[in-house]
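Everything on this sheet refers to the single structure shown next.
If you're wondering where the values come from, they're calculated on a predicted model, not measured in any experiment.
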Amino acid sequence: MLPDERGLRPETVAIAAGAPRRGPGDPLNVAVTLSSTYHAGGPVGYARDGNPTWTAFEETLGALEGGTALVFASGAGAISAVLEELPVGAVVVAPGDAYTGTRAYLADAAARGRLGVRLVDVADTEATLRACAGAALLWIESPTNPLLAVADIGALVTGVAGGAVQVVVDNTFATPLGQRPLDAGADIVVHSATKLIAGHSDVLLGAVVTRDQALAQRLHDRRTVLGAVAGPLETYLALRGLRSLALRLDRASANAEGLAHRLADHPAVSRVRYPGLESDPGHARAAAQLRGFGTIVSFEVRAGAAAAQRVCERVRLITHATSLGGIETTLERRCSHPGEDWTPAELIRVSVGCEHVEDLWADLAQALEGEDAPA
Ligand SMILES: *Cc1c(COP(=O)(O)O)cnc(C)c1O
C-alpha cells in the first residue's frame, strides 16, 4: 500500500506507509523478522533474497522518493551496487568533492581500468554537462559535503536528456523530504540511511530508489548475489527513525539556520557555508530546489587550523565525532579524515541536531572564545 497514491503529504507518508495489515488484534508495527529461511512455496525462500522488515522500510522510502526502493547493508553498499551496474570501460562524471567512499570506489575502479572517471564541480552546470559527453553516468550530490555547494539538478537532468547518460543523485543530505530527484528526472537515488533517515547514530544502512522496474530487478538480483545484505534489526531501527524524520528535519534545519546566522556574526569565524544564508552562493538554487536548507553548516575559523582543532576539542555538549544526521549535534574538521585533506584545514563541519538552539549556541560560543585573533 502506497499512501502517497491517496494524496497524503510526505510527513504523513513517512508515518503511514509500510504499515502492517489493519485488523483486530494485529500489531501496529512490522516485526523484526529473524529467519534465514521460509516455508517453501512463497515469494521468498531465503533471507538473502528478501525479508518482511526490509519490505516495510522499502515501501515507506519508496513512497517518499516516488519509486521502488531497495535496502542495502550501508550507503556504501547501495552506491557500489549501482556502480557495479556499469560495463567495463564506462565513463562516470562525479563531483570532485563527492562523499569519500564514493570517490574511493571510483578511484579504485579507475586504477583497475574498470571505469573511466571525470571529476567535476557539479555546481558548475556548464562544465558538468561538457564533461558528460560520451559518459555513461552522472553522479550528483547536492548539497555537497562539506562545502555545501548546490547543484542545479533540474538543469543537469535536462542538459543530458536524450543522451545515454544515467543520472544518479546521492540524496543523503537533503532526504526525500528536502528534494525528490526522481521527480526532477533523475534515474536513481541513493541514500546512506545511516544518517538522517535512521537519525540516531545507531545503525548502518543504505538504499537505492528507481522508477525503472528492470533496473530495480537487476539491483535486487545483484544484492542477492553480492550478499552484503541489511540486518532486519538495523532495518527496523531505520524505519523507526524514518517515522519521525519530518519532525527531526524541521527542528535541526531551524537550529542550523540559527547557528549559521550567529556564526556569521562571530569575530572568530571568517566564513560560513550554509545555503540558507542569503549571502551564500547556493542560496537562490537551494531556495528554488530544496524544502528547507538542511542540517549541515560548515564554517572556517579565522585564526587557522590549530584554532579550529581547539574549538573541536573544547565543545562539551556538542560531540566531536565524524558522521552526520544524528539527533545529537556533532562536529569535526573534515580535513583530519583520510581522503579529505583537500578540504580547508580551518573548516569545521557541524551536523546540527535537535537540541535547543540556545544550548547549542552557548556551547559553540564558549568553544570559540579566545580564538578571535588571527594566529
Ligand atoms: C555516509 C555517506 C555515505 C556512505 O554511507 P554509509 O552508510 O556510511 O555506508 C554516502 N553518501 C553520503 C553523502 C554520506 O554522507
Side-chain angles (χ1 to χ4, degrees), residues 1-18 57-71 75 78-79 82 85 93-95 122-123 125 128-129 132 137-144 148-193 195-197 206-217 219 242 245-246 249-250 253 275-276 282-295 325:
M1 184 172 51
L2 298 175
D4 70 335
E5 287 168 7
R6 304 194 311 245
L8 298 176
R9 289 156 187 83
E11 295 85 344
T12 311
V13 172
I15 292 169
F57 175 81
E58 290 171 342
E59 280 183 13
T60 308
L61 182 62
L64 286 170
E65 287 285 9
T68 299
L70 291 163
V71 66
I79 288 164
V82 168
E85 180 72 11
V93 177
V122 284
T125 304
T128 302
L129 290 177
C132 283
L137 188 146
L138 168 60
W139 194 274
I140 300 173
E141 286 182 24
S142 182
T144 63
L148 303 173
V150 182
D152 187 338
I153 297 173
L156 290 170
V157 167
T158 309
V160 300
V165 185
Q166 200 173 38
V167 179
V168 182
V169 177
D170 182 333
N171 209 22
T172 299
F173 271 42
T175 86
L177 298 178
Q179 66 191 12
R180 299 216 321 172
L182 300 181
D183 284 349
D187 300 290
I188 300 173
V189 163
V190 298
H191 276 287
S192 170
K195 313 294 168 52
L196 281 148
I197 287 181
V208 178
V209 195
T210 181
R211 287 179 185 166
D212 178 337
Q213 290 310 307
L215 175 62
Q217 188 61 49
L219 289 166
L242 186 50
L245 176 61
L249 200 59
D250 282 353
S253 303
H283 181 71
R285 262 185 204 168
Q289 182 169 284
L290 276 168
R291 205 192 82 173
F293 295 103
T295 64

Does the side chain to side chain contact (heavy atoms under 4.5 Å, CB included) test come out yes or no for Thr295 and Leu196, once each step is laid out?
CA-CA 9 Å; Thr295 64; Leu196 281 148; 3.9 Å; yes

Can any side-chain N or O of Arg211 pair as donor or acceptor with the backbone N or O of Gly67 at less than 3.5 Å?
no

Glu59 CD to Thr68 OG1 distance, which is reported to the nearest 0.5 Å:
10.5 Å

Least distance between heavy atoms, Val122 atom then Ala151 atom
O-CB, 3.4 Å

Could you walk me through whether Val168 and Ile140 satisfy the side chain to side chain contact (heavy atoms under 4.5 Å, CB included) test, starting with their C-alpha distance in whole Å, then the side-chain angles of each, then the deciding distance to 0.1 Å, before giving a yes or no?
CA-CA 6 Å; Val168 182; Ile140 300 173; over 6 Å; no

Taking the side chain as every heavy atom from C-beta outward, state whether Glu11 and Val13 have any pair of such atoms under 4.5 Å apart.
no

For Val169 and Ala186, work out which heavy atoms get closest and say how close.
CG2-CB, 3.9 Å

Please determine, by modelled atom types, if Asp212 and Thr210 share a side-chain donor-acceptor pair under 3.5 angstrom.
no

Under 3.5 Å: donor-acceptor pair, side chain of Ser253, backbone of Leu249
yes

Using the rule given for side chain to side chain contact (heavy atoms under 4.5 Å, CB included), can you reason through Leu156 versus Val160, listing the C-alpha separation, both sets of side-chain angles and the distance that settles it, and then say yes or no?
CA-CA 6 Å; Leu156 290 170; Val160 300; 6.0 Å; no

Donor-acceptor contact below 3.5 Å, side chain Arg285 vs main chain Ala123:
yes

Any sub-3.5 Å donor-acceptor pair from Thr60's side-chain atoms to Ala17's backbone N or O?
yes

Please test Thr128 against Leu138 for side chain to side chain contact (heavy atoms under 4.5 Å, CB included), starting from the C-alpha separation and ending with a verdict.
CA-CA 9 Å; Thr128 302; Leu138 168 60; 3.6 Å; yes

Report the distance from atom CH2 of Trp139 to atom CD1 of Ile79, rounding to the nearest 0.5 Å.
5.0 Å

Do Ile188 and Val167 make a side-chain contact, defined as non-hydrogen atoms from C-beta onward lying under 4.5 Å apart?
no

Rounded to the nearest 0.5 Å, how far apart are CG of Asp152 and CD of Gln289?
6.0 Å

Backbone N/O of Gln179 and side chain of Asn171: donor-acceptor pair under 3.5 Å:
yes

Rounded at 0.5 Å granularity, tell me how far OG1 in Thr175 sits from CG in Leu242.
9.0 Å

Using only atom types and a distance under 3.5 Å, with no angle test, would you say the side chain of Asp187 pairs donor to acceptor with the backbone of Gln166?
no

Heavy-atom closest contact (Phe57 atom, Ala207 atom, distance)
CE2-CB, 4.3 Å

Counting distance only, does the side-chain N/O of His283 pair as donor-acceptor with the main-chain N or O of Pro275 below 3.5 Å?
yes

Output yes when a side-chain donor or acceptor of Glu141 lies under 3.5 Å from a complementary backbone atom of Ala94, and no otherwise.
no

Look only at the side chain of Ser142 and the backbone of Val150, and say whether a donor-acceptor pair between them is shorter than 3.5 Å.
no

Are the side chain of Thr172 and the backbone N or O of Ser192 linked by a donor-acceptor pair below 3.5 Å?
yes

Any idea which heavy atoms bring Ala174 and Leu290 closest together, and the distance?
CB-CD2, 3.7 Å

Check each of Val208, Val209, Leu70 against Glu58 using the side chain to side chain contact (heavy atoms under 4.5 Å, CB included) test, and report the only one that passes.
Leu70

dist Leu64:CG -> Ile197:CD1 (nearest 0.5 Å) comes out at 8.0 Å

